[in-house]
Protein chains: 2
Amino acid sequence: MTELPPDLARMKDCSQCPIRHRAVCARCEPDELSRLEEIKYYRTFEAGQPILWAGDRMEFVASVVSGVAALTQTMEDGRRQMVGLLLPSDFAGRPGREIAKFDVTAVTKTTLCCFRRKPFEHLLETTPHVSQRLLEMALDELDAAREWMLLLGRKTAREKIASLLAIIARRASINGDTRGGNVEIDLPLTREAMSDYLGLTLETVSRQISALKKEGVIELQGKRRVMIPDMRTLMAEAGDDEDGGALL
Amino acid sequence: MTELPPDLARMKDCSQCPIRHRAVCARCEPDELSRLEEIKYYRTFEAGQPILWAGDRMEFVASVVSGVAALTQTMEDGRRQMVGLLLPSDFAGRPGREIAKFDVTAVTKTTLCCFRRKPFEHLLETTPHVSQRLLEMALDELDAAREWMLLLGRKTAREKIASLLAIIARRASINGDTRGGNVEIDLPLTREAMSDYLGLTLETVSRQISALKKEGVIELQGKRRVMIPDMRTLMAEAGDDEDGGALL
DNA sequence: CGGTTCCCTTGATCCGTGTCAAAGTACGGA
DNA sequence: TCCGTACTTTGACACGGATCAAGGGAACCG
């Protein structure tokens, strides 16, 4: 339950956390940080491992330290749609909610910095800047969800793939300087996870990636490593009118 | 700019507002209410009228008093996707954002209670419970957006229509007692707006509605009025595993 | 009253993506 | 090394929804 990954065990408080818990630490006073310390613990999940099922009681909210996790929804007959992609520094869990509404799964090996939910909610009520920060993050996610809705509702398979690659390239590059030259990215997702993200089948994902490769829009180095010779052509394929937005 | 619809002109403060501005008034002290009074004004838009274009400067955030408005995104070639449906008591606009990211349009004649953005943001920073309330609302919208993503990515045309009808029935009925018997709803949306919502063409929307009618799942009284003999069969058609969620 | 406009319905056909099937590839364990 | 498993690629075909096209009905207005 309270496993400490070796490289995290030495961290004394949130301010030393590699991602600084975007959500909660940015402007915390020392006494607030120490209150965070009391209610936090780390957990690590292997790739493919479920973190939480919809309907489960939520004991914690969490900040992703490393790895990739996904929020998904599944229909009775098995149709599945990813509705959230959690990358390092993203926040998971809804304060005030007892019962999980979505499945949460580790896509790659994932480490979470968890905060016990009840005391975290109390902190939220008594520390204005935390709820303000959380509001900002929720609104960012909402923007991302809305871009995603355009993708799901109106884009072609080819545009969906190009959009996803652009999104990952944008998030993966430390700074936002992905516009010009060539970029290399590691795909943290299997073809199946990509299909869940994009509302496609994995066969269609595979076919479209092959097509983009054949036409020189991307180059594959192994199944999971992608080189993008020219970011602009990829963006053009994505069909975004602006320069891509911040789709998560 | 500061038009006062006759039936609203007599309202002295937010606490008399028909919807009580879910976002901001629930727990306001008298002096906070008076600060809200100073920065608010009403605006009314005719059906079809644009409220704001993506890229416009946002002078206000607003609460929907009456009518229906929509957030939409449009691609260069004209493909359009609705990404938000604003019903009375919903909040529009993002505090902290200068430039609108989505188009906002009045679907029916709509009255907004607007708050000048800058002073509203100041209020937000100095009044913790307002940002807490806004956080709750943002998280509700995020949940709705995620249900919507499942709809867009994985549901069939028929399921999409049934889901939309269920959503509107749920929101339209004052209390949530829509589960059992027959329900009548006014469709505030044209076929085209429905198609924008659902990621379909208007022809497909029309065909599926006709099909549901022929099979007795719904009955039409005019184009815009729908009677649902049995809410449960409709929900079954919608393909939701639970009892429908709160999809906005 | 007829004409115009807007919205809706229905039909015929086409195409993109899903479905089903089979083979290829990488990786870890015995 | 060989096998088993998980993931990916590719092919053939089917089908749902898009597209193109025509026409109906109601509201509004001269």
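Residue numbers start from 1 in every chain, and the chains themselves are labelled A, B, ... in the order their sequence lines are given, proteins ahead of strands. Given the structure is predicted, the values throughout are model-derived calculations rather than measurements.
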* Quick one: does B:Lys213's side chain have a donor or acceptor within less than 3.5 Å of a partner on B:Glu219's backbone? -> no

* To do: Test salt bridge (Lys or Arg N to Asp or Glu O under 4.0 Å) on A:Asp240 and A:Lys155 and set out the steps.
  => CA-CA 10 Å; A:Asp240 292 314; A:Lys155 288 190 180 178; 2.8 Å; yes

* Asked: Any donor-acceptor pair under 3.5 Å linking the side chain of A:Asp143 with the backbone of A:Asp140?
  -> no

* **Bounds of contact between DNA chain C and chain A, in 5' to 3' order, using a heavy-atom cut-off under 4.0 Å** => C:dT17 to C:dC20

* In B/S/- notation, 5' to 3', how is nucleotides 6-18 of chain D contacted by protein heavy atoms closer than 4.0 Å? -> --SBBBB----SS

* Indicate yes or no for a side-chain donor-acceptor contact from B:Arg154 to the backbone of A:Arg80 under 3.5 Å, with no hydrogens or angles considered. => yes

* Rounded to the nearest 0.5 Å, what's the gap from CD on A:Glu215 to CZ on A:Arg158? Could you check? => 4.0 Å

* Asked: To the nearest 0.5 Å, what is the distance between CD1 (A:Ile209) and NZ (A:Lys223)?
  -> 10.5 Å

* To do: Say whether, by atom type as modelled, one donor and one acceptor occur between the side chain of B:Gln81 and the main chain of B:Thr72 under 3.5 angstrom.
  => no

